[in-house]
S.K.: 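Input: one structure, supplied below.
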Amino acid sequence: MNKGLLKAWHEEKGYGFIKSDAQAHDTFIHISALKHMSRKPKVGDTIYFEVASQPDGKTKAVNCRIEGVTALKVTPKKSNHHRVAKSNFTNSFLGKVASISIIAVLGFIAVNKYNHYQSNEQFNNHTPVITNADLATFDEQYPKIVIPKSVIPKSTQNFTCDGRQHCSQMTSRAEAIFFINNCPNTKMDGDRDGDPCERDSRFQNEW
């Protein structure tokens, strides 16, 4: 390891020359040989260096350091191999999760459709089918219920709605029948069977 004094330094060009008693000539030094130092070199710095030959036969200073100046810590670059492997693992894992999720969703949809189909089939199987034979016997199984209607005598054309509501206000059963069938708010047919004033003794002979 040689020791010398930085004799000249060209800041704008990034190089200079070291004068050393161990070398017959001044030694060329480039800024790249000192890039690991915490500051740039300046004239008068004591430089420790080694000498290496260049392809053109000239010499230059290598493995240099400035006396009294701390060197920057060089952090080794992390290998991308671990990052690539981790990325591949992550992509592979996410791909598997996505595939499983898609399969699960498709399976869920398929099960729902199958259950819906089964429900429709069961409904169709239990839905009774009416045949012509059933229609032929329908009237026998379900006879018509005939609700008797009160017969309104023809003489009702003489009756008019005048606000009367009660049986005590009627003059005949025919008038009462006219009122419950044609006039509003009557109160003469409590059981709503179409026969008014059934308990009125005046109209017993008219039943």
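This one's a predicted model, so the numbers in the text were calculated from it and none came from an experiment.
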S.K.: Quick one, Ile66 and Tyr48 - any side-chain contact, counting heavy atoms below 4.5 Å?
M.R.: no
S.K.: Do Leu34 and Val43 land in one hydrophobic cluster if side-chain heavy atoms of ILVMFWY residues count as linked below 4.5 Å?
M.R.: yes
S.K.: Do His30 and Ser32 meet the criterion of a side-chain donor-acceptor pair at a distance under 3.5 Å?
M.R.: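 Ser32 and His30 do have a side-chain donor-acceptor pair below 3.5 Å.
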S.K.: Less than 4.5 Å apart, any side-chain heavy atom of Phe108 and any of Ile103?
M.R.: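 No; the side chains remain at least 4.5 Å from each other.
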S.K.: If you measure from the Lys or Arg side-chain nitrogens to the Asp or Glu carboxylate oxygens, is any gap between Asp45 and Arg39 under 4.0 Å?
M.R.: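 Arg39 and Asp45: salt-bridged.
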S.K.: Show your working on side-chain contact (heavy atoms from CB on, under 4.5 Å) between Asn2 and Gln23 and close with a plain yes or no.
M.R.: CA-CA 9 Å; Asn2 299 299; Gln23 301 294 324; 3.6 Å; yes
S.K.: Testing Thr46, Ile47, Asp21 for side-chain contact (heavy atoms from CB on, under 4.5 Å) with Lys3, which one passes?
M.R.: Thr46
S.K.: Counting only N and O atoms by type, is there a donor-acceptor contact under 3.5 Å from the side chain of Thr186 to the main-chain atoms of Met188?
M.R.: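 Not a single qualifying donor-acceptor pair exists.
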S.K.: I'd like to know if the side chain of Arg202 and the backbone of Cys167 have a donor-acceptor N/O pair within less than 3.5 Å.
M.R.: yes
S.K.: Evaluate the criterion side-chain contact (heavy atoms from CB on, under 4.5 Å) for residue pair Lys58 and Phe28; output intermediate values, then yes/no.
M.R.: CA-CA 9 Å; Lys58 296 180 181 180; Phe28 174 83; over 6 Å; no
S.K.: Would you please say whether a donor-acceptor pair under 3.5 Å links the side chains of Thr171 and Glu175?
M.R.: yes
S.K.: Is a salt bridge present between Asp200 and Arg173, judged by a nitrogen-to-oxygen distance below 4.0 Å?
M.R.: no
S.K.: With no hydrogens and no angle check, do the side chains of Thr70 and Ser38 hold a donor and an acceptor under 3.5 Å apart?
M.R.: yes
S.K.: Which pair of non-hydrogen atoms, one from Cys64 and one from Phe49, has the smallest distance, and what is that distance?
M.R.: SG-CB, 3.6 Å
S.K.: Could you walk me through whether Asp193 and Glu198 satisfy the side-chain contact (heavy atoms from CB on, under 4.5 Å) test, starting with their C-alpha distance in whole Å, then the side-chain angles of each, then the deciding distance to 0.1 Å, before giving a yes or no?
M.R.: CA-CA 10 Å; Asp193 61 351; Glu198 294 173 290; 3.1 Å; yes
S.K.: So which atom in Lys7 and which in Asp26 form the shortest heavy-atom distance, rounded to 0.1 Å?
M.R.: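 Heavy-atom minimum between the residues: NZ-OD2, 3.0 Å.
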S.K.: Please report the closest heavy-atom contact between Pro41 and Trp9, naming both atoms and the distance.
M.R.: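 Distance-wise, the nearest heavy atoms are CG-CZ2, 3.4 Å.
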S.K.: Give, for atom SG of Cys197 and atom CG of Asp189, the distance between the pair rounded to the nearest 0.5 Å.
M.R.: 8.5 Å
S.K.: Of all heavy-atom pairs between Ile18 and Ala61, which one has the smallest distance, and what is that distance?
M.R.: CD1-CB, 4.0 Å
S.K.: Which atom names give the shortest non-hydrogen contact between Ile180 and Gly194, and what distance separates them?
M.R.: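 Looks like CD1-O, 3.9 Å.
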S.K.: Is the closest side-chain heavy-atom distance between Asp162 and Cys183 below 4.5 Å?
M.R.: no
S.K.: For the residue pair Tyr15 and Phe17, does the interplanar ring angle fall in the parallel (under 30°), tilted (30 to 60°) or perpendicular (over 60°) class?
M.R.: perpendicular
S.K.: Quick check: do Ile177 and Pro196 have side-chain heavy atoms less than 4.5 Å from each other?
M.R.: yes
S.K.: Go through the steps for Tyr114 and His116 under the test side-chain contact (heavy atoms from CB on, under 4.5 Å), then give the verdict.
M.R.: CA-CA 5 Å; Tyr114 177 77; His116 181 69; over 6 Å; no
S.K.: With a 3.5 Å cut-off and no angle check, do the side chains of Asn185 and Gln165 form a donor-acceptor pair?
M.R.: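 On atom types as modelled, these side chains do not qualify, holding no pair under 3.5 Å.
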